[in-house]
Engineer: 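Below is a structure I'd like to ask you about.
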Amino acid sequence: MAGPGLDFEIEIAELEARISTLQRQTERSEASEGELRSLRTDLAKQLRDVYSSLDPWQTVQVARHKNRPYTKDYLNLAFDDFVELHGDKHFGDDRAMLAGFAKLDRFKVMVIGHQKGRTFKERAACHFGCAHPEGYRKAMVKMRLAEKYKLPLICFIDTPGAYPGVGAEERGQAQVIAESMFKMSQLKTPIICIVIGEGGSGGALGIGVGDRIAVLQHAYYSVISPEGCAGILWKSHEHAPKAAAALRFTSDHLKRLGVVDDVIDEPLGGAHRDHHQMASRLKTYLSKALGELETQSADQLLDSRYEKFRRIGVFLENAS
């Protein structure tokens, strides 16, 4: 069960509550078994109807769901032998940026990803997934390590944006994100980047340059958050749904615009309803992509990566 929290899921929550009540009964009659089967059918239909027609603002709500799997969840479910690496060798260790060695089937990889934290204490320690400059410097140190040992790099993007505080700006937030993007463009090892939840602004781009860019079905990837856009254009966060519709940042838009290469389907009702199935789908995608990229030389990777980002976007030009 996904739990409460989304205003467009009221009927779904009611069905789930009724199913849960019936499942807790120790002795069920034939009539109650029939009712349970009927309720499960109704729930599947309701989930399919709702999640096949989400508007952009609803997609943002799903991407931010408190039960959505984070980087640590995927590391536990899809990878083996994860060994976390700490520190940026300059300032400190940013909990909002997770990095370390791991195994994915037959591949030894380096994983870097944003981490939001599940409890309030964890979220506060991770700055709600907003990395400081030391987080991106830590990421770059691990990128160089991956290149040195010829390990593929996997990046999980899930952040509302880079940390906007005064201290972060004093330590060179914008500069370090630019350096990270440049480093990734020159890295002589395969890179796969996946937006697993929120892909907000430069905080996402800092670990978003790769040979394969994918997005989960109900995630979003944007130059700015809907609230930030609404605050600039309409001077009020109340217009966030309108901004979300204008930004064209859902998986369908991103695929059509050429911003991402692939969209990874989520389980019925979203990734927050079935962590294991989502992790299995993610693992299947990563294994296939790594198998395709391992056949390419370093020069081929760099050339195709450069061309890929040169082609991103759809442009309208006036012939006159």
Engineer: Counting only N and O atoms by type, is there a donor-acceptor contact under 3.5 Å from the side chain of Q46 to the main-chain atoms of D42?
Structural biologist: no
Engineer: For the side chain of Q173 and the backbone of A131, is there at least one donor-acceptor N/O pair under 3.5 Å apart?
Structural biologist: yes
Engineer: Check whether more than 12 heavy atoms from other residues, nucleotides or ligands sit under 6.0 Å from atom CD of E11, and answer yes or no.
Structural biologist: no
Engineer: How long is the span from the CG atom in L293 to the OG atom in S304, to the nearest 0.5 Å?
Structural biologist: 8.0 Å
Engineer: Take V109 and L151, measure what side chain to side chain contact (heavy atoms under 4.5 Å, CB included) needs, and give me the verdict at the end.
Structural biologist: CA-CA 5 Å; V109 300; L151 299 177; 5.7 Å; no
Engineer: Does T159 use its side chain to pair, donor to acceptor, with the backbone of H114 at less than 3.5 Å?
Structural biologist: no
Engineer: Consider only side-chain N and O atoms of D262 and Y285, and report whether a donor and an acceptor are under 3.5 Å apart.
Structural biologist: yes
Engineer: One pair to check against salt bridge (charged side-chain N to carboxylate O under 4.0 Å, His left out): E227 and R64. What are the steps and the verdict?
Structural biologist: CA-CA 13 Å; E227 293 87 349; R64 293 172 175 172; 2.7 Å; yes
Engineer: Do the charged groups of K150 and E294 touch, with an N to O distance under 4.0 Å?
Structural biologist: no
Engineer: Check step by step if side chain to side chain contact (heavy atoms under 4.5 Å, CB included) holds for D93 and D88.
Structural biologist: CA-CA 6 Å; D93 184 45; D88 70 337; over 6 Å; no
Engineer: Taking all heavy atoms of A78 and all of A279, pick out the closest pair and write down the distance.
Structural biologist: CB-O, 3.9 Å
Engineer: Decide whether a cation-pi geometry holds between R137 and F91; the criteria are a distance under 6.0 Å from NZ or CZ to the six-membered ring centre and an angle within 45° of the ring axis.
Structural biologist: no
Engineer: Between the side chain of E147 and the main-chain N/O of K188, is any donor-acceptor distance below 3.5 Å?
Structural biologist: yes
Engineer: With sequence neighbours left out, what residues match H127 under ring pair (Phe, Tyr, Trp, His ring centres under 6.0 Å)?
Structural biologist: H132, Y163
Engineer: Mind checking the CD-CG spacing from Q115 to D94? Nearest 0.5 Å is all I need.
Structural biologist: 11.5 Å
Engineer: Crowded around H86 NE2? As in, over 12 foreign heavy atoms under 6.0 Å?
Structural biologist: yes
Engineer: Decide, yes or no, whether a salt bridge links K108 with D81 under the criterion of side-chain N to carboxylate O below 4.0 Å.
Structural biologist: no
Engineer: Indicate yes or no: does D211 engage K308 in a salt bridge with an N to O separation below 4.0 Å.
Structural biologist: no
Engineer: Any side-chain heavy atom of F156 within less than 4.5 Å of one from L282?
Structural biologist: yes
Engineer: Which residues pass the ring pair (Phe, Tyr, Trp, His ring centres under 6.0 Å) test with F249, not counting sequence neighbours?
Structural biologist: Y220
Engineer: Is it the case that more than 12 heavy atoms not belonging to F8 sit under 6.0 Å from its CZ atom?
Structural biologist: yes
Engineer: For E238, look at atom CD and say whether over 12 heavy atoms of other residues, nucleotides or ligands are found less than 6.0 Å away.
Structural biologist: no
Engineer: Are V166 and E169 close enough that some pair of their side-chain heavy atoms sits under 4.5 Å apart?
Structural biologist: no
Engineer: Charged N to carboxylate O below 4.0 Å: is that the case for R68 and E198?
Structural biologist: no
Engineer: Does CZ in F309 sit with more than 12 non-hydrogen atoms of other residues, nucleotides or ligands closer than 6.0 Å?
Structural biologist: yes
Engineer: Hey, is CZ on R123 packed in by over 12 heavy atoms from elsewhere, all under 6.0 Å?
Structural biologist: yes
Engineer: Taking atom CD1 of I196 and atom SG of C155, what is their separation to the nearest 0.5 Å?
Structural biologist: 11.0 Å
Engineer: Counting N and O atoms only, with roles assigned by atom type, does the side chain of R305 sit under 3.5 Å from a partner on the main chain of M184, one being a donor and the other an acceptor?
Structural biologist: yes
Engineer: Tell me, please, which residues at least two apart from Y51 pass ring pair (Phe, Tyr, Trp, His ring centres under 6.0 Å).
Structural biologist: H218
Engineer: Is a side-chain donor-acceptor pair under 3.5 Å present for T250 with H253?
Structural biologist: yes
Engineer: Just by distance, do the side chain of S38 and the backbone of G34 share a donor-acceptor pair under 3.5 Å?
Structural biologist: no
Engineer: After noting the C-alpha distance and the side-chain angles of V215 and I264, does the key distance pass the side chain to side chain contact (heavy atoms under 4.5 Å, CB included) rule?
Structural biologist: CA-CA 6 Å; V215 61; I264 304 174; over 6 Å; no
Engineer: Please report the interatomic distance NZ(K148) to NZ(K142), rounded to the nearest 0.5 Å.
Structural biologist: 12.5 Å
Engineer: Measure the shortest side-chain to side-chain distance between L187 and V209 over non-hydrogen atoms and say whether it is less than 4.5 angstrom.
Structural biologist: no
Engineer: State, to 0.1 Å, how close I224 and G228 come at their nearest heavy-atom pair, and which atoms those are.
Structural biologist: CD1-C, 3.6 Å
Engineer: Would you say that V260 contacts V195 through its side chain, given a criterion of any heavy-atom pair below 4.5 Å between the two side chains?
Structural biologist: no
Engineer: So, for T59 and L54, which heavy atoms are closest and what is the spacing to 0.1 Å?
Structural biologist: OG1-CB, 3.9 Å
Engineer: Under 3.5 Å, is there a donor-acceptor pair between the S20 and R24 side chains?
Structural biologist: yes
Engineer: Output yes when D49 and K45 qualify as a salt bridge under the 4.0 Å nitrogen-oxygen rule, no when they do not.
Structural biologist: yes
Engineer: Do other residues, nucleotides or ligands put more than 12 heavy atoms under 6.0 Å from K72 NZ?
Structural biologist: no
Engineer: Give a yes or no answer on whether the side chain of S52 reaches the backbone of R48 with a donor-acceptor pair at less than 3.5 Å.
Structural biologist: yes
Engineer: Within the structure provided, determine whether T41 and L43 are in side-chain contact (heavy-atom separation under 4.5 Å).
Structural biologist: no
Engineer: Looking only at heavy atoms, what is the nearest atom pair of D158 and G197, with distance?
Structural biologist: OD1-CA, 3.5 Å
Engineer: So which of M181, M97, K183, Q175 actually passes side-chain contact (heavy atoms from CB on, under 4.5 Å) with Y136?
Structural biologist: M97
Engineer: Can any side-chain N or O of T284 pair as donor or acceptor with the backbone N or O of S280 at less than 3.5 Å?
Structural biologist: yes
Engineer: So do the side chains of I112 and I154 get within less than 4.5 Å of each other, counting heavy atoms only?
Structural biologist: no
Engineer: From M143 CE over to T189 OG1, what is the distance, rounded to the nearest 0.5 angstrom?
Structural biologist: 11.5 Å
Engineer: Would a 4.5 Å heavy-atom cut-off, applied to side chains only, mark M140 and E179 as touching?
Structural biologist: yes
Engineer: Between the side chains of R273 and E16, is the shortest nitrogen-to-carboxylate-oxygen separation below 4.0 Å, so that they form an ion pair?
Structural biologist: yes
Engineer: In sequence, state the C-alpha distance, the side-chain angles, and the governing distance for E292 and L290, and then conclude on side chain to side chain contact (heavy atoms under 4.5 Å, CB included).
Structural biologist: CA-CA 5 Å; E292 294 170 352; L290 288 171; over 6 Å; no
Engineer: Quick one: does L22's side chain get under 4.5 Å of L39's, heavy atoms only?
Structural biologist: yes
Engineer: If every non-hydrogen atom of S236 is compared with every non-hydrogen atom of A230, which pair is closest and at what distance?
Structural biologist: O-CB, 3.2 Å
Engineer: Out of curiosity, D80 CG to F107 CZ, how far, rounded to the nearest 0.5 Å?
Structural biologist: 13.5 Å
Engineer: For R281, is the CZ atom crowded, meaning more than 12 foreign heavy atoms sit under 6.0 Å from it?
Structural biologist: yes
Engineer: Is the shortest distance from a Lys or Arg side-chain nitrogen in R212 or D261 to a carboxylate oxygen in the other one below 4.0 Å?
Structural biologist: no
Engineer: Regarding E33 and R40, does a basic nitrogen lie under 4.0 Å from an acidic carboxylate oxygen?
Structural biologist: no
Engineer: Between F120 and F128, what is the ring plane arrangement, given parallel below 30°, perpendicular above 60°, and tilted in between?
Structural biologist: perpendicular
Engineer: Is there a donor-acceptor contact under 3.5 Å from the side chain of D303 to the main chain of Q300?
Structural biologist: no
